[in-house]
Protein chains: 2
Amino acid sequence: MIIDDPLREALEREGHRMTAPRRAVWDVVSTAERHLTADEIAARVRAEHPDVNLSSVYRSLTLFSELGLVRESSLDSGGPAHWEPAHPDDEFHLRCRRCGKVDHHTGDLVGRVREHLEAEHGWVTEQVELLVTGLCPDCA
Amino acid sequence: MIIDDPLREALEREGHRMTAPRRAVWDVVSTAERHLTADEIAARVRAEHPDVNLSSVYRSLTLFSELGLVRESSLDSGGPAHWEPAHPDDEFHLRCRRCGKVDHHTGDLVGRVREHLEAEHGWVTEQVELLVTGLCPDCA
DNA sequence: TTGCTAATGCAACTCGTTCGCAATTGCGAT
DNA sequence: ATCGCAATTGCGAACGAGTTGCATTAGCAA
Ligand SMILES: [Mn+2]
Ligand SMILES: [Mn+2]
Ligand SMILES: [Zn+2]
Ligand SMILES: [Zn+2]
């Protein structure tokens, strides 16, 4: 018995069909221990469903992103995008240049950027992307 | 008489040659009123130097970026990169979703992120990329 | 002025992602 | 349960940004 099924809910809400490829892509992304590329997602999906095409993985990810289920992050410009379950903007990314690890960090800093721009400069902030690159405690 | 020529200085310092394509690319980027794609740079370069190839534009930009003269910013994931004269991290980007304009904003917020991560979490911060998307005062 | 090597133009290539289309399949209506 | 049809899929071809190999050109130190 699945008590909470955000995929099914989101698909029904917007009138999309529940399909095997979508289920499989969501299961992979939502249980992944790190950000994955479309290729990596396809590989994991194919362990259970060998016939799922890479195009369908891309199409699922694009749809999920519109539904607010996943987030695409282009950690390196050039090179494939990485995907992860959606999380709020103020949980930002820390990437270690040496070991490649990507951590998350939550703080009030993103909220402060928002407030400052709104109050002092009349900007309506919709999205804040913050990526910090450097050396993690292990690699420093 | 050119009083300050960062291009010539940077090239000589690292033992690279001063060439017409490099000069032209630098002139375009350093006087542009906004971030430009490689294609846009090539078009402007060709107004004066019709034979400069797009490959050379890419090669110049890559070199300039290593020399610390320009900065590549991937404002949209997917789609071409944009280039601009180098500026410090704490001068971050504000992009208007409606009119497309990209503003710069300087504040101590990026510095605070740096300090916090270093002091409290042992991360050595090397680079901070901050992109705020929303509505500018004119479009809000 | 010469000679050597870096840099260029050009075309072919890579690679992540998208697209067109015929075949399949989910699912509401019967 | 079955049907019908639009939504979705698999597949291969296409796309676009960026890169690369190579023969030719040109900067610059001697
Ligand atoms: Mn994340
Ligand atoms: Mn900028
Ligand atoms: Zn590390
Ligand atoms: Zn605007």
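Residue numbering restarts at 1 for every chain, and letters A, B, ... go by the order of the sequence lines.
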(message) Mind checking if A:Ala81 touches a base, just sugar-phosphate, or nothing, with heavy atoms under 4.0 Å?
(response)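 Contact class for A:Ala81: sugar-phosphate only.
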(message) Categorize A:Thr19 for me: base, sugar-phosphate, or nothing, with a 4.0 angstrom heavy-atom threshold over every strand shown.
(response)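 Touches sugar-phosphate only.
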(message) So, under a plain 3.5 Å distance rule, would you say the side chain of A:Arg17 forms a donor-acceptor pair with the base of C:dG28?
(response)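 Donor-acceptor pair under 3.5 Å: no.
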(message) Quiz question: going by heavy-atom distance under 3.5 Å, is there a donor-acceptor pair between the base of D:dG21 and the side chain of B:Ser55?
(response)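 Absent.
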Would you indicate, yes or no, if [N] has its OP1 or OP2 atom less than 4.0 angstrom from a side-chain nitrogen or oxygen of [X]?
{"X": "B:Tyr58", "N": "D:dG18", "value": "yes"}
{"X": "B:Asn53", "N": "C:dC10", "value": "yes"}
{"X": "A:Arg22", "N": "D:dT8", "value": "yes"}

Side chain of [X], backbone of [Y]: donor and acceptor closer than 3.5 Å?
{"X": "B:Arg71", "Y": "B:Pro85", "answer": "no"}
{"X": "B:Asp5", "Y": "B:Arg8", "answer": "yes"}
{"X": "A:Arg97", "Y": "A:Leu135", "answer": "no"}

(request) Send over the distance from B:Asp39 CG to D:dG16 P, rounded to a whole Å. (result)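 Going from CG in B:Asp39 over to P in D:dG16 covers 11 Å.
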(request) Would you mind reading off the distance between B:Glu12 atom CD and C:dA7 atom P, rounded to a whole angstrom? (result)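 After rounding, the gap between these two atoms is 13 Å.
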(request) Answer yes if the ring centres of B:His93 and B:His82 are under 6.0 angstrom apart, and no otherwise. (result)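 Between B:His93 and B:His82, the centre distance exceeds or equals 6.0 Å.
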(request) Between A:Pro21 and B:His16, just flag the one whose closest nucleotide in DNA chain D comes earlier from the 5' side. (result)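 Whichever sits nearer the 5' end wins; that is A:Pro21.
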